[in-house]
Q: 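This is the structure I want to talk about, given as structure tokens.
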Amino acid sequence: LKEHPHDFFALKLSQFSHFYAGVGAPMRAVMDALAPKWSESTARYSKFLGIHAFALEENGAYGEAQALGRRAVALDADDPWAIHAVAHCLEMEGRPAEGVAWIDAHGPHWANAGTMTGHLAWHRALFALEAEGPEAVLGDFSARYQVGDSEEYLDLCNDIALLQRLALRGLAVKPAFEAVADRLAPRLGEHMLAFCDAHWVLGLAAAERFEAAEAVLVGLRARGAEGDPDAAPYRELAVPLGEACLAFHRGAYGACWQGIQALLPSLHRLGGSHAQRDLFVQLMLAAAAKDGAQGAFEDLLKARRQTGHFIPQAA
């Protein structure tokens, strides 16, 4: 990118790699450094703005991110990544009604956007969960928020994350979890991303397929014991996080919330966005409440609220 600042493929790979390595500051640094080299006369300028907007959002610069994201959409309404960047800002700022309106207003422009179609539907579900209630979201789950029987990794993560949020609101979703668990089978041994594997353990545990979840953890421990740099997120995050998720669904709530609490300073290294990782923070809070650890629950909730809705990425 230093030599070819307009290489769009390199730009997307850079953001994807930083995103799943859980390093938001370098993600923004790349975009900030490239910004002076882009203008409206540059091909794909609107796409650049959308990517820059997302990097800003993941670093907490919500005002700047929204300005760039909305400008990108104004220049090219058929840019799901820019629509997505603005949606993230609205989610992080706790503006669910505006989020529903934003997603719906641009529905025709992301209805056929590949993997982003399911992911933007997931974002709408998060907004609707707050604005319309969990029952409405569950009622629309199969028709509106689920991408059929997809085995694509992001679609599976979306389904697991949404169903777990609904379960935390007290809804009975085990049959839906069982259907998702059936779709996980081809992916359980891949160990492609620690972010995904943590979701796989959670999905299996929520479906009460405890032996399958344990088997995935065995594979994750083996992956974490390997000597390459990519093994570290498995060893340090995916394994203990998966153990905490399994503990939650086995009723070992103390082990769950204490396990996740210990991971908070480094949870960003799991990869994914703040909004995606907040699932595990919500699980921690629910476990502390179920464990009767009122003091810990209040302290953890206060920390979440003081940091602008979510536990922030470490510097």
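Everything numeric in this text was worked out from a predicted model, so none of it was measured.
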Q: Kindly indicate whether the side chain of I160, heavy atoms from C-beta on, has any atom under 4.5 Å from the side chain of W200.
A: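 In short, these two side chains touch, coming nearer than 4.5 Å.
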Q: Between A65 and L56, what is the shortest heavy-atom contact and its length?
A: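 Taking A65 first and L56 second, the nearest heavy atoms are CB-CB, 3.8 Å.
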Q: How far does NE2 of H106 sit from CG of D78, to the nearest 0.5 angstrom?
A: 10.0 Å
Q: Ignoring hydrogens and angles, tell me if any N or O in the side chain of W38 forms a donor-acceptor pair with the backbone of L49 under 3.5 Å.
A: no
Q: State, yes or no, whether a side-chain contact exists between K47 and L11 at a heavy-atom distance under 4.5 Å.
A: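 No. Closest side-chain heavy atoms not under 4.5 Å.
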Q: Between H6 (side chain) and K37 (backbone), is there a donor-acceptor pair under 3.5 Å?
A: yes
Q: With side chain to side chain contact (heavy atoms under 4.5 Å, CB included) as the criterion, how do F54 and M31 come out once you've worked through the C-alpha distance, each side chain's angles and the decisive distance to 0.1 Å?
A: CA-CA 10 Å; F54 184 72; M31 301 306 301; over 6 Å; no
Q: Could you tell me which non-hydrogen atom of A205 sits nearest to which non-hydrogen atom of F210, and how far apart they are?
A: O-CE2, 3.5 Å
Q: Side chains of W102 and V73: closer than 4.5 Å at any heavy-atom pair?
A: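 Yes, side chains in contact.
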Q: Could you walk me through whether H88 and H123 pass side chain to side chain contact (heavy atoms under 4.5 Å, CB included), step by step?
A: CA-CA 8 Å; H88 266 273; H123 274 282; 3.2 Å; yes
Q: Could you pull out every donor-acceptor pair under 3.5 Å between side chains of residues 180-194 and any protein atom, sequence neighbours left out?
A:
unit_1: D182; atom_1: OD1; unit_2: R209; atom_2: NH1; d: 2.9
unit_1: D182; atom_1: OD1; unit_2: R209; atom_2: NH2; d: 2.8
unit_1: R183; atom_1: NE; unit_2: S150; atom_2: O; d: 2.9
unit_1: R183; atom_1: NH1; unit_2: D159; atom_2: OD2; d: 3.1
unit_1: R183; atom_1: NH2; unit_2: S150; atom_2: O; d: 2.8
unit_1: R183; atom_1: NH2; unit_2: D159; atom_2: OD2; d: 3.0
unit_1: R187; atom_1: NE; unit_2: E190; atom_2: OE1; d: 2.9
unit_1: R187; atom_1: NH1; unit_2: E151; atom_2: O; d: 2.9
unit_1: R187; atom_1: NH2; unit_2: E190; atom_2: OE1; d: 3.0
unit_1: H191; atom_1: ND1; unit_2: D197; atom_2: OD1; d: 3.2

Q: Do D32 and H52 have a side chain donor and acceptor closer than 3.5 Å?
A: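 Short answer, yes.
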Q: Is there a side-chain contact between L202 and L279 (heavy atoms, below 4.5 Å)?
A: yes
Q: Closest heavy-atom contact between Y253 and D291?
A: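 Where Y253 meets D291 most closely, the heavy atoms are CB-CB, 3.9 Å.
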Q: At what distance, to the nearest 0.5 angstrom, does CG of D76 lie from OG of S46?
A: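 Output value for this atom pair is 4.0 Å.
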Q: Any side-chain donor paired with an acceptor under 3.5 Å for H249 and Q164?
A: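 On atom types as modelled, these side chains qualify, holding a pair under 3.5 Å.
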Q: Kindly say whether the aromatic ring centers of H199 and F280 come within a distance under 6.0 Å.
A: yes
Q: Is there a donor-acceptor pair closer than 3.5 Å between any side-chain N or O of E58 and the backbone N or O of H274?
A: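 Confirmed, E58 side chain pairs with H274 backbone.
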Q: Membership question, hydrophobic clusters at under 4.5 Å side-chain separation (ILVMFWY): are W122 and V147 in the same one?
A: no
Q: Do L154 and L13 sit in one hydrophobic cluster, given that two such residues count as connected whenever their side-chain heavy atoms are within less than 4.5 Å of each other, even indirectly?
A: no
Q: Considering only NZ, NE, NH1 and NH2 on the basic side and carboxylate oxygens on the acidic side, decide whether R250 and E243 come within less than 4.0 Å.
A: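 No salt bridge links R250 with E243.
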Q: Supply the atom-to-atom distance I103 CD1 to H109 NE2, rounded to the nearest 0.5 angstrom.
A: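 Taking CD1 in I103 and NE2 in H109, the distance rounds to 12.5 Å.
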Q: State whether R165 and E130 are salt-bridged, where the test is any N-O pair (Lys NZ or Arg NE/NH1/NH2 against Asp/Glu carboxylate O) under 4.0 Å.
A: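 No, R165 and E130 are not salt-bridged.
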Q: Please check: side-chain N/O of Q15 versus main-chain N/O of I51, any donor-acceptor pairing under 3.5 Å?
A: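 Flag set: sc Q15 to bb I51 pair under 3.5 Å.
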Q: What are the two closest heavy atoms between A131 and V100, and how far apart are they?
A: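 In this case the closest contact between A131 and V100 is CB-CG2, 4.4 Å.
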Q: Show your working on side chain to side chain contact (heavy atoms under 4.5 Å, CB included) between V281 and L264 and close with a plain yes or no.
A: CA-CA 8 Å; V281 177; L264 289 180; 4.1 Å; yes
Q: Report yes if some heavy atom in the side chain of N158 is under 4.5 Å from a heavy atom in the side chain of L162; otherwise report no.
A: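 No, too far: nothing below the 4.5 Å cut-off.
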Q: Would you find a donor on one side and an acceptor on the other, under 3.5 Å apart, between the side chain of S14 and the backbone of A10?
A: no
Q: Strictly below 4.0 Å, N to O, side chains only: are E178 and K174 in salt-bridge contact?
A: yes
Q: Check whether any side-chain N or O of R277 sits under 3.5 Å from a backbone N or O of G272 as a donor-acceptor pair, and report yes or no.
A: yes
Q: Among all residues two or more places apart in sequence or in another chain, which pass the ring-ring contact (aromatic ring centres under 6.0 Å, His included) test with F16?
A: Y20
Q: How far does CZ of F141 sit from CG of L166, to the nearest 0.5 angstrom?
A: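 CG of L166 is found 8.0 Å from CZ of F141.
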Q: Is there side-chain contact between L267 and L241, with at least one heavy-atom pair below 4.5 Å?
A: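 Result yes, sub-4.5 Å side-chain heavy-atom pair found.
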Q: Nearest 0.5 Å, what's the CG-CZ distance between L126 and R124?
A: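 If I round to the nearest 0.5 Å, the distance is 11.5 Å.
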Q: As an exercise, state the distance from CG of L283 to CH2 of W257, rounded to the nearest 0.5 Å.
A: 13.5 Å
Q: Quick one: does Q66's side chain get under 4.5 Å of L90's, heavy atoms only?
A: yes
Q: Atom CG of residue position D149 - does it have more than 12 heavy atoms of other residues, nucleotides or ligands inside 6.0 Å?
A: no
Q: Side chains of R71 and Y45: closer than 4.5 Å at any heavy-atom pair?
A: yes
Q: Would you call D228 and R223 a salt bridge, using N to O less than 4.0 angstrom?
A: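 So D228 pairs with R223 through a salt bridge.
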Q: What's the verdict on side chain to side chain contact (heavy atoms under 4.5 Å, CB included) for L171 and V137, showing C-alpha distance, side-chain angles and the deciding distance?
A: CA-CA 11 Å; L171 300 190; V137 173; over 6 Å; no
Q: If you take all heavy atoms of A33 and P36, which pair is closest and at what distance?
A: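 Scanning both residues completely, I find the closest heavy atoms to be O-CD, 3.4 Å.
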Q: Any idea which heavy atoms bring A286 and L168 closest together, and the distance?
A: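 Looking at all heavy atoms of both residues, the closest pair is CB-CD2, 3.6 Å.
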